[in-house]
Amino acid sequence: MRDRETQERYGPDVSRRSFLKGSGVAVAATAIATAAEEALAQDKKAASAASSSKAQDVELTINGEVHKLKLEPRVTLLDAIRNDCHLTGCKEVCTTKNCGACTVMIDGKAVYACTRLAIAEQGKKITTVEALSAGGKVDPVIPCFIKHDATQCGYCTPGFVVATRAFLNEHPKATLEEIQKGLGGNLCRCGTYDGVAKCALELAKGGA
Amino acid sequence: MAEERKFGWGPRKDNVLIGKSIQRIDGFEKVSGKAQYTADINTPGTLYAKLLTCTHAHAKLKKLDVEPAKKIPGVRAVYIFPAGDLKAEGAGEIFWDGTLIAAVAADRPEIAEDGVKAIIAEYEVLDHIVDEEDLKAAEAKGATKAVGKNAKGKVEDALKTAKHVHKGYYGVHTISHMCLEPHGTHCEWKADEVLDIHASTQNVSGLAGQFAGPLGIDAAKVLVTANFEGGGFGSKFAADEWGIAAAKMAKETGKPVKLMLDRATELKAAGTRPSGYIDVTLGADETGKIVAWDSHHWGSGGISGGSIPVGGIPYVFDFENRSRTATQLNCNVGPTRAWRAPPHPQLCILTHCAIDDLAMKMGKDSYDVFLTNLEQTAGTAAHLPETYKAEMEIAAKLIGWKEKWHPHGKDAGKGAVKRGLGMALHTWGGGAGGCACNVKIHADGSVESFVGSQDIGTGTRTVIAITLAETFGLPLTAIKVNLGSNQYPASAASGGSITVGGVSGAHRRAAQTALWKIFDLVAAKYKVDAGTLAAKEGSIVSGDKKVCTWKQASMLLGPMGLETKGEGPAEDGLTSSRVGGVQMADVSVDSETGIVRINKYVAVQDCGLIIDELTAKSQIYGAVIMGIAYALSEERVMDKKTGRYINADLQNYKLPRIGDIGEIVVNIYQPDSEYSRGVIGLGEPPVISPGAAISNAVANALGVRVPVVPLTPQRVLAALSKSKGGAA
Amino acid sequence: MSDELSQLPQAERCTNLLCKGLYLNVGQPPGKRVTGDGNFWCGKTQTIIGPDRNFVGDGECRHTGRSCYEGNT
Amino acid sequence: MKNFEFASPQTEAEAVGLLQDHGGRTAVLAGGTDLVGLLQADLVAPERVVDVRQIQSMSGVRREADGLWVGALTTLDDVLASPLLKPYLSLVQVADAHHAIQIQSSGTLGGDLCHLPNCWYYRNGYGLLAMKDGESLVETGDNRYHAILGNSGPAKFVNASRFAPALIAWGAKVRIIGPAPEQVEVVPLEYFYISPKSANQGNTILKPGQLISHIWLPAIEPTHVSATYEVLQMEGLDWPLATASVTLDVEGGIVRAARVVLGHVAPTPWVSQEAASLLRNQMVTEDLANAVGAAAVSKATPLSNNEYKVQIAKTAVKRAVLKAVGQLEGGL
């Protein structure tokens, strides 16, 4: 099982310290394994309950509204939101967890919708950019983006707005450095970062 | 009698809106996600199309069987591109990775994907050449072509007598446009054979004909809409073969078809900026004045040309004794398209890095060497030396050049991190593009304009609204701007920084024409001298006296209101062309990891009369950031072994993010002399200098030139290692 | 296409040859027309390869002998 | 993306059962940040995807007598928020260096450990070994991001896990469950990774139907210090050119024990005994750190185009050592 090359590299353990020895592992492992065995006995039946690969009922709760869809398991959350729920604020750009144009919130956390399967996100509270200006209530992030002209072609912008909202929710008093770290998951090709940073900083100072 | 009625901008001090920082009027749509881009159009029944592309750099297609795709339930149409059409004349030869072979349209995107996978394509793989830098290897393969040579003065003699001579090699790799909204269209056939197209385009007025020809229909039956467009940067002027494919599949199926390029195909097939490399020798006299330039540059724009032309080298400057030669490499790489300020960014790198190294050799401050040679920029435009001089002073002050500058490689910092300053200059024509517009003043006083232009992120709508509102003395909210349709008066494509000049000039003319008619009507009705009238704050005034409200004046037009046309450009002073621009970079370089970070970046830019300072500054911020991208991280990596564009994804095609840009300081150089020049476009010029300015700053930090851009850790460390006598 | 071909007597550009410059010239007087940036495409195929599967370009598409050439006559 | 069945088990046992079917041609879905991209590119084409996020027992961090048991579903956000993990600075630093809240919210430790290589040949469909016509594409192709150590075999990619170096430097173990219903093994993380010798091998010891359920960390003592130094070209979301994690036991200014692990330099995380032995019984100084860095890469065998990574890896080790003892100054 052990790779020969790895073993050869490793050599003898010469330390007296616990972080090198790993004492007591076996005990805990057994404890967990026992729990697992118990669970196994209870759930043997459920194990065979895998669903089919055919299109099936999928219910997504987006912006408080339930969307009843028929989707194959392989449909991404992004495709479902854009193509089936017709909420096109989030965009498809990279499909490789890099650009952030598809950012939505799931249970309040910013997430790349391209990295999720729609079928796996049932029962979650999904929030898209559309919710940030729904029902006559406009999230302060939106006018602040406009004020600092944090948009040019605008294609990356909704994803950036959602990321900014999610970020500020968790870091309401963020510094510029924190903003630059937190919002590094969104790409803009036109180069609107300066406006985004100013916007986030202003909202953080105002305690948004 | 008051002043003669001539088109023109008002006195600068009187402007209420023009020149101020005004939020873009379509900001809410864009920021809230309500803006509908082509990729967002999903009319009922829309089919989704996916592409089969060839992943060989050079091959012969031997077999293509699309029947298996057609058998998949949900697949509605399969289209074969010319490269996949084995029946055609000269068929089957593929010249670059990413060549489009077939498209599949299906009820759902995932089914279209299944269809693509079911297609059987067989190739005979042929020899390829994808190394754009290796001139000798390309020559050996017969893949080069001389594209120009010219000389003036006595170069050899001047180099012999020059006090300082520097010989250098510089380069810049190919990059992709990487539009975040990929190229693509949504095509739907309506009644009477009308083709309704949403296109991600910079060329709303110019697309109908491009679709009509290949489809064999009248251009009059093609509707083109682009209300919003997710980035073009020079690459979205054509209908493109994938546009034709969507239209044909829509016709075949009787359903709307949406075909947007996938990310890899967007990078490979939808436009790149050509590479450039140069061997150059230049010489200066004892004052630092450059007296001789001798260069040979080469690069590739793809298999059939499009490389950097011979003109333009040396960039901005021209020298008394100058010889230049250009060679094109025909490589198996995707074709080039215009990329923001073509090909100035490359020219700037190839020239201004050499000048900076000459300064290093002379032991002089780069600033002084650029300054000494400014008189040699007058060949482009007489006013440039003076503009550059003023801008250099401003930029130097903003970045602290005098306090921070140190000789190249000396006193750059104690530890591993070295700090340096660099600068570069640029120029661009810009000006006003062709534009026709209609301005409608309704009897209720509301104002509307119609123009077949587009907003590619530059703020076209806002510029039009400001122009009209300023002219009519109305608030911005009183203006409705209609653009993005070829059903409106034709306007030039948005390229070459000509849109703001084009639309503002034409709308000012239309608005002034309308206003003069209104003044005449008001003058007659209220018995005042029309020559004394002005439109201000929602009223028509005569001197300090309010004559009537705008609404009352509009009612004089009768129930049909008034419609005026505006055209341009014209020689009436509303617009002009040719700008300069100076940029300076303050960078830190980690000499142990090769990482370069921007501390501060200063961009000083002239551009005539500014309509909206907020969106104008955004253009400069954006251009600098794009510049930081190609200076430090982004490049197309062609794998020599497979011939493939191996980093055609956003993971390995590295673009800067919010933390990668340092502090950017934008300064618009706008004395009254600039205001009086009229409007000049701004999209391109500020993207030109960053490559050279940042490279020069790195050279200043290290005392070693990293010759090829982007300045990745690999190249920085290689240059350092070479300078210490190690392997390159 | 070879250099020799571009040395041949040249006609007007094929009417199907397109470049960016053509779309910037709306309403411009002839003296002010932008000539383009060297990036051409064929209006018929909408790529850089013409209907005859040869490359397009300023030189290549002035050659009246080319099977797909169309002059403005 | 090819089609697949989807299942969402509630327990570890249920997950193991679901993963066994289809001859083990199944995949574990957690945060999705790697898997869904792989599915979209058809690089992974399972017949069933098993979403393990509902399994309570695999979440959270628990203190036991012997150390910490960290659920494989622990996200980067959880790492940053966990008081129990806070003292393991080298780990926290990795979570913090992921400059994207979307990855921090979704990415899990288990997923990171199983992250498939970012090698562009692999990601373009040439397989982990990137062989074409019996020849390594990496060896003669563009290997700027590839291995400089442990690259004499057919595998030349670099291990993509960002947490593995830090975890290995702490002596972490992984608890693996499956494929048989009761099967559990606890394996030192450094033995978890393999450098595949043939095209049908993966880059870990995981057999079809197995998954990581937990990560074990030894209890920390006041004398333990640690640091990770990742060399990232970009400030924002990027993956490292090279990483070094060190864990030291320092008493009275003298290093009593040390582990030095490099990442992104070899097909597996790279434990450097050469570097560690130089540290033992020494006081950390800049000179010593330099020597440790040099020792760590002394056996490097760079490929045609990645010599520069040797310098970067050396620097990473040096700086990780200095950072662990609070002596790092400068560096970008």
Side-chain angles (χ1 to χ4, degrees), chain A residues 72 74-75 79 82-83 86-99 101 128-130 132-133 138-139 141-143 145-162 177 179-197 200, chain B residues 21 23-24 26-37 39-42 46 48 108-110 177-182 228-233 260 262-263 455-459 614-615 617-619 621-629 649-651 655-661 664 666:
Chain A
E72 291 178 353
R74 62 173 160 169
V75 176
D79 274 355
R82 285 179 52 80
N83 300 337
H86 302 286
L87 294 164
T88 56
C90 55
K91 311 295 182 198
E92 176 179 335
V93 172
C94 74
T95 67
T96 51
K97 55 146 193 236
N98 280 95
C99 75
T128 68
V129 69
E130 283 84 357
L132 301 184
S133 62
V138 177
D139 189 290
V141 170
I142 289 176
F145 257 68
I146 301 169
K147 176 181 167 190
H148 293 288
D149 209 33
T151 184
Q152 286 189 35
C153 85
Y155 207 67
C156 74
T157 311
F160 238 130
V161 167
V162 175
E177 197 189 340
I179 289 163
Q180 288 172 338
K181 280 166 65 171
L183 297 180
N186 290 69
L187 270 177
C188 169
R189 185 55 159 159
C190 299
T192 57
Y193 300 132
D194 190 78
V196 175
Chain B
S21 276
Q23 295 176 12
R24 61 181 73 213
D26 47 4
F28 181 74
E29 280 101 319
K30 286 183 176 182
V31 176
S32 66
K34 289 182 172 56
Q36 291 265 303
Y37 296 77
D40 300 332
I41 307 296
N42 270 345
T46 293
Y48 299 83
R108 298 193 57 91
E110 56 272 16
H177 293 69
M178 183 67 91
C179 308
L180 290 198
E181 182 187 32
F228 293 94
E229 187 262 359
F233 314 111
M260 306 304 293
D262 55 87
R263 187 49 41 190
D455 174 52
I456 61 171
T458 48
L614 183 65
T615 53
K617 281 189 164 172
S618 288
Q619 282 299 298
Y621 280 115
V624 167
I625 290 165
M626 244 177 157
I628 290 170
D649 61 75
L650 270 162
Q651 173 113 323
L655 291 174
R657 294 159 190 267
I658 195 165
D660 290 301
I661 57 171
I664 299 171
V666 167

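Below, chain A is the first sequence line, B the second, and so on; all start at residue 1.
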Please round to the nearest 0.5 Å and tell me the distance separating atom CD of B:Q23 and atom NE2 of A:H148.
9.0 Å
Which region of B:E229, side chain (C-beta onward) or backbone (N, CA, C, O), has a non-hydrogen atom less than 4.5 Å from a non-hydrogen atom of chain A, or is it both or neither?
backbone
Over all heavy atoms of both residues, which pair between B:G33 and A:V129 is shortest? Give the atoms and the distance, please.
CA-CG1, 4.0 Å
If you tally heavy-atom pairs under 4.5 Å between each of B:D40, B:I664, B:T458, B:L655 and chain A, the highest tally belongs to B:D40
Say you draw a straight line from CE of B:M260 to CD of A:E92; how long is it, rounded to the nearest 0.5 Å?
9.5 Å
Chain A heavy atoms under 4.5 Å from B:Y48: which part of the residue, side chain, backbone, both or neither?
side chain
Strictly distance-based, threshold 3.5 Å: is any side-chain N or O of A:Y155 a donor or acceptor partner for the main-chain N or O of B:Y37?
no
Is a side-chain donor or acceptor of B:R263 paired with a backbone partner of A:V93 at a separation under 3.5 angstrom?
yes
When only pairs under 4.5 Å are counted, which of A:D79, A:V138, A:N186 shares the most heavy-atom pairs with chain B?
A:N186
Portion of B:I658 that has a non-hydrogen atom of chain A nearer than 4.5 angstrom:
both
Let me know if B:Y621 has heavy atoms under 4.5 Å from chain A in its side chain, its backbone, both or neither.
both
Checked A:V196, A:D139, A:D194 vs chain B; the most non-hydrogen pairs under 4.5 Å come from A:D194
Worked verdict on A:K91 versus B:L180 for side chain to side chain contact (heavy atoms under 4.5 Å, CB included):
CA-CA 9 Å; A:K91 311 295 182 198; B:L180 290 198; over 6 Å; no
Report yes or no: does A:R82 contribute a side-chain atom to a donor-acceptor pair with the main-chain N or O of B:A39 at less than 3.5 Å?
yes
Output, in order, the C-alpha distance, side-chain angles, deciding distance and verdict of side chain to side chain contact (heavy atoms under 4.5 Å, CB included) for A:N98 and B:R657.
CA-CA 11 Å; A:N98 280 95; B:R657 294 159 190 267; 3.8 Å; yes
Under 4.5 Å from any heavy atom of chain A - which part of B:K34
side chain
Give a yes-or-no answer on whether the side chains of A:Q152 and B:S618 include a donor-acceptor pair shorter than 3.5 Å.
no
I need the residue from A:T157, A:I146, A:V75, A:T128 with the largest number of non-hydrogen atom pairs under 4.5 Å to chain B.
A:I146
Go through A:C153 and B:F228 one step at a time and tell me if the side chain to side chain contact (heavy atoms under 4.5 Å, CB included) criterion holds.
CA-CA 7 Å; A:C153 85; B:F228 293 94; over 6 Å; no
Which one, A:R74, A:E177, A:K181, leads in non-hydrogen pairs under 4.5 Å with chain B?
A:R74
Check each atom of B:T615 against the heavy atoms of chain A and say whether the ones under 4.5 Å are side chain, backbone, both or neither.
both
So for B:I661, is it side chain, backbone, both, or neither that comes closer than 4.5 Å to the heavy atoms of chain A?
side chain
Of the listed residues (B:G459, B:P656, B:G232), which shares the most heavy-atom pairs with chain A below a 4.5 Å separation?
B:P656
Side chain, backbone, both or neither of B:Q36 within contact of chain A (heavy atoms, under 4.5 Å)
side chain
Side-chain donor/acceptor of A:R189 to backbone N/O of B:H177, under 3.5 Å
yes
What residue in A:T95, A:L183, A:N83, A:T96 has the most heavy-atom pairs under 4.5 Å with chain B?
A:N83
